[in-house]
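Notes follow once the structure below has been shown.
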2 protein chains.
Amino acid sequence: MVTINDVARRAGVSVSTVSYTLSGKRTISASTRARVERAIAELGYHPHAGARALASARTNIFALMAPLRPDVDVSVIMQFVTGVVTRARTADYDVLLLTQDEADGVGRVGSGSLVDALILMDVESDDPRIPQVAALRQPTILIGLPEDARGVSCVDFDFEAAARLSLRHLTALGHRNVALIGPPPAVIARHTSYADRLLRGYRAQAEHDGVGCVIEPAGTAPGEAVAALDAVLTQVPELTGLVVHNEAALPVILATLRDRGRRVPEDISVVALAPADVADAQPVPITAMDIPALNIGQVAVDMALARLRGSDTVETRLIAPTLHERSSTAPPR
Amino acid sequence: MVTINDVARRAGVSVSTVSYTLSGKRTISASTRARVERAIAELGYHPHAGARALASARTNIFALMAPLRPDVDVSVIMQFVTGVVTRARTADYDVLLLTQDEADGVGRVGSGSLVDALILMDVESDDPRIPQVAALRQPTILIGLPEDARGVSCVDFDFEAAARLSLRHLTALGHRNVALIGPPPAVIARHTSYADRLLRGYRAQAEHDGVGCVIEPAGTAPGEAVAALDAVLTQVPELTGLVVHNEAALPVILATLRDRGRRVPEDISVVALAPADVADAQPVPITAMDIPALNIGQVAVDMALARLRGSDTVETRLIAPTLHERSSTAPPR
DNA sequence: CCGAGTTGTCGAAGCGTTTCAACACCCTAA
DNA sequence: TTAGGGTGTTGAAACGCTTCGACAACTCGG
């Protein structure tokens, strides 16, 4: 194993000089720097992560706690993860992947100084992890918005506003017989933060616009999506407007609508909450509130970095929704 | 920050005694152990990961290099990842998530002693990472099977056998007009290991059974799947048997078949290569070679652990396919 | 030509563990 | 009674890095 000592000897300088060339925390003459860098390249030196962590109290690792469970929508999760990992790397950070189902994962990686900051996904309205991270030295960023966010920074898509806007888009077009096909029942039962806010927004807007409030959760399996749609059609036979927030269900619902003889948008208008690529890739491009999942992951990292640089402002950032009109909405006939 | 010193003082023993109680590498009397454990609990002590790594040359971290690109099938990837992470945790290992697109990620985490072993996904037939990991002190497990696997352990689903079996299932039923809808063009162009083996197996079996060999790649977007299916139907108008290996395309293809007036399995038999839950969740449960992605991830971890325990046997494990008959195949009329 | 900065380099003291060699103790067999 | 062999515990030396304070060698204004 090649150490900083080997580099120093080879370059004819002291160990500390090598360290300072690497970190840039002191000025180093151009010629010295060059010799050190050559030695590093020749020896193929990589600093020992553990030693570095011990001496500097920094690991350059983030913990990302992601929901590796079947009931959440994999493609969106992946986008968050991708956003986090790629942005972290640009700041020379690595990402440690944790699951929810370890009881004290937070304490272990936090108190054990394994990571410099934590990013938590799939936040619930009253999330048990919040007191845990609050006890930590490391800053934490939540992707999601709990009821009580004291002391932790949050970032998320503004699902409440998104739900309101989606419905308003339909009612503004003149639709009165509308419904929402929402997240899986399990997600709602857990009071996952986004689901709570989504439903709250939808209910408020339905009341505000004076339309009936029909909400049907849908599981991730195709059969469940069909069942949910049929349940909606039973409750609202005259249905002309549908809001869908459920990645997995979207294609199935569109296919089933066709099966049932309902054309989109002539008979039924559909608004989705989904990443742009998903909405765009459907047989009929879907008018949607684009969920910028990749971007939210990146913002989470940026907030973590800011905190590590000393900013102690705990903030909540809600990404405002923008409705992207595609071909799936029209006035009712 | 509470250190092993604090624990030792509190328990009235030496630092090394605490260390040995934690590691179990020396016998400790029951009474001492109890005192130490109480001190640990009372102080909420967690060993410092960096210090531990430095002293023991072990980090208890695996690197998992996963394809965070859009053209691979997210749901299968997620299953691999989930299998790896959960199994790793049962052995007290954490998982560091790396992407492919960092040039020397392998060297950085390997030479930097950040991880004890590496697990590489999305392996290509002639993967440039193989020489990199070969130069490392740490063992590496590939999920996939490159052309030249010297020195590295591999584990994967036997896609070649799976393709042969799928096709043979159709020909044995009497189908002569068959086709394969395969992975996205980009995956094939990169010579992703599984795609290479899949096509090889299919071609061999087609020749062996004396049926035409029609292969159509399909992108992940719904539109592309439709296009692929139509291309197949143009080339083989009398089509009665279809093998599909493409998670994302499967539901779309089934829907489109219905649109085109072809019933499954009365008019067209469909065999898929897909995880059991995906195959099972379709409107018509699909006869499939179940891809045990979760399990493969776990096996990868087990192989890594074995190597870390000193076994230096470099092995290649191919998980044999088993055909699970559901309702999507029947003899041609 | 002197003193005060400025710049570039160095030595050494940690950082919190693990682990090796040593040792004290008790038990047993001779 | 003593030698010999476990048991259980300890002190101290690593492990490879960062960082602080010190200092030599310059530069520059007065």
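Sequence lines set the chain letters: A, B, ... in the order given, protein chains first and strands last, and positions in each chain run from 1. In what follows, every heavy atom counts, from backbone to side chain, and hydrogens, waters and symmetry copies are set aside.
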Could you tell me how far apart [X] ([atom1]) and [N] ([atom2]) are, to the nearest whole angstrom?
X     : N      : atom1 : atom2 : value
A:H48 : D:dC15 : NE2   : P     : 11 Å
A:L54 : C:dG14 : CG    : C1'   : 9 Å
B:R9  : C:dG16 : CZ    : P     : 12 Å
B:R58 : D:dC15 : CZ    : P     : 18 Å
A:R33 : C:dG8  : CZ    : P     : 10 Å
B:I40 : C:dT17 : CD1   : P     : 10 Å

Could you tell me whether the side chains of [X] and [Y] share a donor-acceptor contact shorter than 3.5 Å?
X      : Y      : value
A:Q138 : A:D116 : no
A:S16  : A:S19  : no
B:R307 : B:S153 : yes

>> Walk along nucleotides 18-25 of chain D from 5' to 3' and tag each nucleotide B, S or - by protein heavy-atom contact under 4.0 Å, base first, then sugar-phosphate.
In response: BBBBB---
>> At 4.0 Å (heavy atoms only), tell me whether A:T27 reaches a base, stays on the sugar-phosphate, or touches nothing.
In response: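 The answer is base, as A:T27 lies within the cut-off (heavy atoms under 4.0 Å) of a base atom.
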>> Holding to side chain to side chain donor-acceptor pair (under 3.5 Å), I want the full list of residues that pass it with B:T82, two or more places apart in sequence or in another chain.
In response: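 Scan of B:T82 (side chain to side chain donor-acceptor pair (under 3.5 Å), adjacent residues dropped) gives none.
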>> With a 4.0 Å cutoff (strictly under), does any side-chain N or O of A:S14 reach OP1 or OP2 of C:dC10?
In response: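 Checking A:S14 against C:dC10: at least one side-chain N or O falls below 4.0 Å of OP1 or OP2.
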> Charged N to carboxylate O under 4.0 angstrom, A:D156 versus A:R197?
Replying inline: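 A salt bridge links A:D156 with A:R197.
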>> Is there a side-chain contact between A:H191 and A:E147 in this structure, where contact means two heavy atoms from C-beta onward sitting under 4.5 Å apart?
In response: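 No - every pair of side-chain heavy atoms lies 4.5 Å or more apart.
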